[in-house]
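Working notes for the structure below.
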Protein chains: 2
Amino acid sequence: MNKKNWSSSKEKCTLQEILGVIGGKWSMSIIYALFTGKKRFSELERLVLNINTRMLVKELKNMEANGIVVREVFATVPPTVEYTLTTKGRKLEPIINELYKWGVEYVG
Amino acid sequence: MNKKNWSSSKEKCTLQEILGVIGGKWSMSIIYALFTGKKRFSELERLVLNINTRMLVKELKNMEANGIVVREVFATVPPTVEYTLTTKGRKLEPIINELYKWGVEYVG
DNA sequence: CAGCATCCGTGACGATACTG
DNA sequence: CAGTATCGTCACGGATGCTG
């Protein structure tokens, strides 16, 4: 997942490592969309503007592997899959909201 | 500027746009290093682990263009250049600190 | 509906050598 | 010291089409 073998001996968590988890181009947007509750795959695809299927799948897998979202499959026809934030993921809510506010004020 | 007129300045400020400003691989690490005060180019190169000259220059230019850092040149021999956070940049301090705390608790 | 497979271009990134 | 210049690589990301 990561290009470099950072902390084989280090214990400290670097910003680089953190960004490896939520620093992807679409991660925060997906998390942001999930703040309002669980979402189906197609809903996320619609809510996260300009993302495409491949990227959404990729990011969701990455986030699931990192314990930020939970994936629930329902054996319906047609199939239903729902994504929810974990506690770990929900703790990002104030941070992302603050970042967003910063952006609204300073970026435009 | 308040939240009230954030629709008048520009219609949409997306997370994507915000991340275009501070979402670079090294941006946050550089900002983080600048929290403790102004730094010379070589200091940043040393403080931001694993960054190289080209990337540091690139990110600093981007951040300067976005009003996050200020670049000061001193006509000394050898030349001295110092970088400082603007108000806009310093407002990121609590956000990045929170993100860092989140990472320490959840990423490792 | 959900999401995998495939092709493919762009550009991000790194290493290094060089300059005022 | 503080950058430029140059080159090469590869991962990211976009656009499909296909399947259970």
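To find a chain, count down the sequence lines: A is the first, B the second, and so on, and within it residues start at 1.
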Lys/Arg-Asp/Glu bridge criterion (N-O < 4.0 Å) met for B:Arg71, B:Glu64 = no
In whole angstroms, how far is the [atom2] atom of [N] from the [atom1] atom of [X]?
X: B:Lys25; N: C:dG14; atom1: NZ; atom2: P; answer: 4 Å
X: B:Glu82; N: D:dA2; atom1: CD; atom2: P; answer: 9 Å
X: A:Leu56; N: D:dT16; atom1: CG; atom2: P; answer: 18 Å
X: A:Asn52; N: C:dG9; atom1: CG; atom2: C1'; answer: 14 Å
X: A:Met55; N: D:dA11; atom1: CE; atom2: P; answer: 13 Å
X: B:Leu44; N: D:dG3; atom1: CG; atom2: P; answer: 10 Å
X: B:Glu72; N: D:dA2; atom1: CD; atom2: P; answer: 13 Å
X: A:Lys39; N: C:dG3; atom1: NZ; atom2: C1'; answer: 20 Å

request  = Can you measure from CG (B:Leu92) to CD (B:Glu98) and round to the nearest 0.5 angstrom?
outcome  = 13.0 Å
request  = Pick base, sugar-phosphate or nothing for B:Tyr83, based on heavy-atom distances below 4.0 Å to the nucleic acid.
outcome  = sugar-phosphate
query = When you match B:Thr53 and A:Pro79 each to their closest nucleotide on DNA chain D, which lands nearer the 5' end?
reply = B:Thr53
[N], OP1 or OP2 - any side-chain N/O from [X] closer than 4.0 Å?
X: A:Ser42; N: C:dC1; value: no
X: B:Arg71; N: D:dG3; value: yes
X: A:Arg40; N: C:dA2; value: yes
X: B:Lys58; N: C:dA12; value: yes
X: B:Arg54; N: C:dT16; value: no

A:Lys61 or A:Pro78, whichever maps to the more 5' nucleotide of DNA chain C = A:Pro78
query = Considering the options B:Asn62, B:Leu44, B:Leu85, which one meets the side-chain contact (heavy atoms from CB on, under 4.5 Å) requirement together with B:Val69?
reply = B:Leu85
message = Is there a side-chain contact between A:Thr84 and A:Glu72 in this structure, where contact means two heavy atoms from C-beta onward sitting under 4.5 Å apart?
response = yes
message = Quick one, B:Glu82 with B:Arg40, criterion salt bridge (charged side-chain N to carboxylate O under 4.0 Å, His left out). Give me CA distance, side-chain angles, the key distance, then yes/no.
response = CA-CA 4 Å; B:Glu82 291 183 342; B:Arg40 300 183 59 172; 5.6 Å; no
